[in-house]
J.: 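Below you'll find the structure I mean.
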Amino acid sequence: MFALEYSNRKTLGIEVHPDSSVVVKAPHNSPLEAIQTRVSNRGRWITKQQRQFAQYAPTLTAQEYVSGEG
């Protein structure tokens, strides 16, 4: 799944963000089928980027509040 944004650009751009979301920026005249094909072709790269971001994701521990602690 990806978010699609049309903009004034000449080429298609694919961005993978640290939260594992994928944003595709495409020229206004791009047909949806061509965009889906391009994203599908770049599937391995997208998955690799998402795995890399997941490696560096901070692990949050549940905070414990102790009486009298500052």
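All residue numbers refer to positions in the sequence shown, counting from 1. When reading the values below, keep in mind they use all heavy atoms of this one structure, side chains included, and skip hydrogens, waters and symmetry mates.
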J.: What pairs with Asn29 under side-chain hydrogen bond (donor to acceptor under 3.5 Å, both in side chains), at least two apart in sequence or on another chain?
T.: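 Partners of Asn29 by the side-chain hydrogen bond (donor to acceptor under 3.5 Å, both in side chains) criterion come out as none, since no residue qualifies.
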J.: Report the C-alpha separation of Val22 and Gln50 in whole Å, then their side-chain angles, then the decisive distance to 0.1 Å, and conclude whether the side-chain contact (heavy atoms from CB on, under 4.5 Å) test is met.
T.: CA-CA 9 Å; Val22 178; Gln50 289 173 330; 3.6 Å; yes
J.: Could you grab the distance from atom CD1 of Ile14 to atom CD of Gln49, nearest 0.5 Å is fine?
T.: 11.0 Å
J.: Looking only at non-hydrogen atoms, find the nearest pair between Ala26 and Leu12 and report the distance.
T.: CB-CD1, 3.5 Å
J.: Enumerate donor-acceptor pairs with a distance under 3.5 Å from any side-chain N or O in residues 1-10 to protein atoms, sequence neighbours excluded.
T.:
residue	atom	partner	partner atom	Å
Asn8	OD1	His28	NE2	3.1
Arg9	NE	Thr11	O	2.5

J.: Please tabulate, for side-chain N and O atoms in residues 33-46, each donor-acceptor pair with protein atoms closer than 3.5 Å (sequence neighbours left out).
T.:
residue	atom	partner	partner atom	Å
Thr37	OG1	Glu33	O	2.9
Asn41	ND2	Thr37	O	3.4

